[in-house]
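By convention in this document, chain letters (A, B, ...) are assigned in the order of the sequence lines, proteins followed by strands, and residues within each chain are numbered from 1.
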Amino acid sequence: MRTQQNIEQFGYRQELRRGVGLTDLVFYGLALMLPIAPFAIFGTVYQASGGMPALAYLVGMVALLFTAASYAQMVKAFPLSGSVYNYAGRGIAPPVGFLTGWMVLLDYILVPCLLYLVASVAMNDSVPAVPVWAWLVGFVIVNTLINLFGIRMTVRLTRLMIVFELVVLALFLAAGVWALLQGKGNGFSLSPLFDAGAFSWPVVFAAVSVAVLSFLGFDGISMLVEESTGGSAQVGRAMRLALVLAGVLFIVQVWVAALLVPDPAGLMERAGDTAFYDAAAVAGGEWLRHVTSFATALSWGLANTMVAQVAVSRLLYAMARDRQLPSFLAKVSVKHSVPANAIVLICLLSMGVGVWMSTRDDGVTLLTSLINMGAMVAFIVLHVSVVVHYSLRSRSRRWWAHLVSPLAGAGILVFVVVNANVLAQALGLVWLGLGALALVTLYALGRPPALTGMAGPGPDRP
Amino acid sequence: MNRLPLHHDLYVLAHDQAGRPLIHQSSLALGLAGAALLDRLPAGSDPPPEARSLIKQVAANAVYERTRRGLLDTGVLVGVRGRRMGMLPYTRYELADIASAVRASSGVRSAVEGWKPADARSAGLCGLVAVLRLEAELYLDEPAARLVSRLRQIAATAGPPIGGLVAIVETLIAEAAVAVYR
């Protein structure tokens with residue numbers, strides 16, 4: 001083969017790059033999701049679910065397992081491009097891809113902002129003398145500098161963070177179970193999973209619409225498909241594994257926390273952003289409050305924002321390269337090998353929106369709902385693209401994988417979206433309307449959406 | 001005058017006098033891999049379909065260290081040992097003769113200034129200098145933006161495989177900048 005000779009002429013042996021294996025794919029998914037993610041939104045989920053947060057996480061996990069199955073199908077069909085934006089554009093049609101990308105953008109652009117806000121709320125809980133907005137500005141500045149200098153998460157750092165978070169989680173669970181055995185809290189019961197008095201499907205789905213935030217990020221595993229040693233099949237497996245692992249951890253921790261809530265009736269009336277830390281204080285005392293809030297600040301405010309920043313720059317880059325966003329977002333700094341323009345844009349947005357949201361009582365809840373709205377609409381389109389690509393276009397006869405499973409997954413998510421926060425629905429629709437306007441503008445300018453693909457072969461730059 | 005391989009010239013252009021790289025290693029490695037491939041491809045042929053994966057593979061396989069070793073072997077670079085603050089040992093790889101920096105860029109400079117038409121080799125280097133943003137190292141008295149577009153134009157009009165290969169390198173540099181792990 002000529003290629004082989006060519007490589008050997010260079011003096012290189014044909015070696016495959018050191019790839020990323022199954023464990024590291026799962027770890028990466030966990031790093032994006034955070035094993036301790038429910039710490040930050042526990043109060044809201046508890047309130048929305050009528051005291052059944054474990055059920056909300058269980059239903060959320062099942063819903064997203066369908067999403068993971070559809071991801072696995074699309075990764076198989078388009079192994080080189082790694083986002084719903086690409087799958088919808090290729091699987092259905094470029095304009096649908098644009099609108100989906102636009103909805104995902106709502107999710108990806110606001111995620112860093114929420115991460116900063118949650119980390120700042122957590123730090124403010126530990127050090128109340130410094131206001132939330134000041135912590136937020138600090139986090140944004142530190143992170144932007146880290147990103148601009150080109151410092152990235154490495155495989156090893158990802159593992160370290162996961163281990164650290166699991167240790168904190170184990171501490172909380174051990175202290176929590178011990179406290180319950182000592183008769184503290186509200187005693188053991190099944191009510192966090194199922195409470196016949198409070199149960200109704202709209203309540204559960206409304207809670208899922210918040211809880212689903214903790215799972216977002218598992219889809220980021222698809223970005224590593226080129227590096228995966230086992231190709232697209234391994235990516236699908238890693239997504240499922242990461243989801244189930246995270247789901248079990250989430251259910252267990254919110255169950256224990258729900259049993260320890262100091263004032264259940266009060267929390268049901270008014271969701272607090274620090275509800276989990278209050279429960280931790282009941283379990284182990286003030287030191288555990290500080291450990292859990294500090295772990296949240298560190299993992300949300302520093303580790304996860306580094307990962308989220310990469311995810312959003314990739315999406316901005318892919319869309320800008322397809323000339324669906326301003327081209328300056330596709331420019332990178334060769335000198336530092338970072339997408340400098342995208343980093344600065346996200347810094348400014350996070351600073352502005354973050355400070356504004358820190359002044360609102362429902363800031364965390366509102367951001368969460370908006371992010372989830374963007375993600376869930378995108379996931380619904382993902383399911384549709386599986387049906388269109390396989391069942392309609394390729395006339396696949398694998399009914400379960402290519403028709404029933406995606407339709408079931410889409411159905412559940414539609415229920416969740418319908419029952420979500422009304423303000424989030426309205427803002428989501430406004431955003432979608434703006435996207436439609438942008439799409440019309442693109443057509444008017446004579447540049448209808450066309451995909452070159454994140455990793456399409458050959459010269460594909462103008 | 002014996003010419004260096006293209007990726008050796010690029011290495012020389014991409015370092016300052018003290019041997020420090022002027023751009024990020026991952027960008028530079030992709031540029032070096034692209035240059036090495038460009039040297040091997042016959043003029044007039046389109047880049048092979050596997051060019052993209054080939055460049056990625058070569059870049060990941062220590063192309064930077066290999067290029068440096070090649071330059072040390074031919075005596076273009078010399079290793080200079082020293083200690084930071086009298087303690088931490090380091091080795092710097094400096095040019096043995098400053099003239100090699102001038103030689104490395106001479107083809108590109110004469111192409112830009114229009115003294116003589118660019119041959120395939122210089123045109124390729126023009127394209128790589130443009131995408132690696134090394135135009136300041138040419139020491140030409142021209143605004144950067146105009147210089148870069150002139151360099152790009154030379155590469156684009158040089159015929160295959162240069163334009164295509166330079167575009168692939170540029171795409172890969174951008175993708176490396178948004179890569180999850182690197």
Side-chain angles (χ1 to χ4, degrees), chain A residues 1-7 9-18 20 24 28 32 82 150 152-155 157-158 220-221 223-224 226-227 307 309-318 320-321 330-340 342 452 454-462, chain B residues 5 7 14 21-31 33 36-37 39-41 46-54 56-63 66-67 69-70 130-134 156 160-182:
Chain A
M1 200 179 123
R2 218 184 74 219
T3 322
Q4 183 71 36
Q5 285 168 355
N6 270 338
I7 295 185
Q9 279 170 7
F10 284 137
Y12 302 108
R13 275 170 298 127
Q14 177 127 34
E15 277 171 45
L16 276 176
R17 275 184 66 187
R18 190 163 44 91
V20 183
D24 283 316
Y28 183 69
L32 278 161
R152 274 305 148 78
M153 286 293 273
T154 58
V155 175
L157 196 57
T158 309
I221 296 177
M223 295 190 296
L224 282 167
E226 261 192 292
E227 281 84 356
V307 190
Q309 178 74 54
V310 172
V312 64
S313 343
R314 280 174 73 97
L315 181 64
L316 290 174
Y317 168 75
R321 203 178 75 169
K331 290 224 167 61
V332 301
S333 152
V334 180
K335 190 166 180 188
H336 299 291
S337 190
V338 291
T452 54
M454 183 75 181
D460 44 13
R461 274 188 83 91
Chain B
H7 58 298
L22 296 162
I23 54 175
H24 196 275
Q25 284 249 356
S26 69
S27 311
L28 182 51
L30 289 163
L37 183 57
D39 246 355
R40 312 269 152 176
L41 290 176
D46 279 320
E50 64 276 10
R52 184 190 145 88
S53 57
L54 206 56
K56 278 186 85 164
Q57 216 167 60
V58 173
N61 273 318
V63 68
R66 287 162 195 263
T67 311
R69 204 178 314 144
V131 297
L132 292 174
R133 300 305 307 264
L134 291 168
I162 294 164
L165 217 55
V166 169
I168 295 175
V169 171
E170 186 168 26
T171 305
L172 288 175
I173 288 172
E175 285 179 15
V178 294
V180 174
Y181 291 130
R182 65 180 176 208

>> Given heavy-atom pairs under 4.5 angstrom as the criterion, report whether the side chain, backbone, both or neither of B:L22 touches chain A.
In response: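 Looking at B:L22, just its backbone touches chain A.
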Hey, which of [options] has the most heavy atom pairs under 4.5 Å with chain A?
options: B:L132, B:V166, B:L172, B:L134; result: B:L132
options: B:L28, B:I173, B:I23; result: B:I23
options: B:S53, B:A51, B:A177; result: B:A177

Mind listing the closest non-hydrogen atom pair of [X] and [Y] along with its distance?
X: B:S26; Y: A:S337; value: OG-OG, 3.0 Å
X: A:V334; Y: B:V131; value: CG2-O, 3.4 Å
X: A:H336; Y: B:H24; value: O-CD2, 3.2 Å
X: B:T171; Y: A:Y317; value: O-OH, 3.9 Å

> Who passes salt bridge (Lys or Arg N to Asp or Glu O under 4.0 Å) against B:D39, sequence neighbours left out?
Replying inline: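 Per chain and number, B:D39 pairs via salt bridge (Lys or Arg N to Asp or Glu O under 4.0 Å) with no residue.
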> Does any N or O in the side chain of A:R152 come within less than 3.5 Å of the main-chain N or O of B:A179, such that one atom is a donor and the other an acceptor?
Replying inline: yes
>> Is A:S313 close to chain B through its backbone or its side chain, or both, or neither, when contacts mean heavy atoms under 4.5 Å?
In response: both
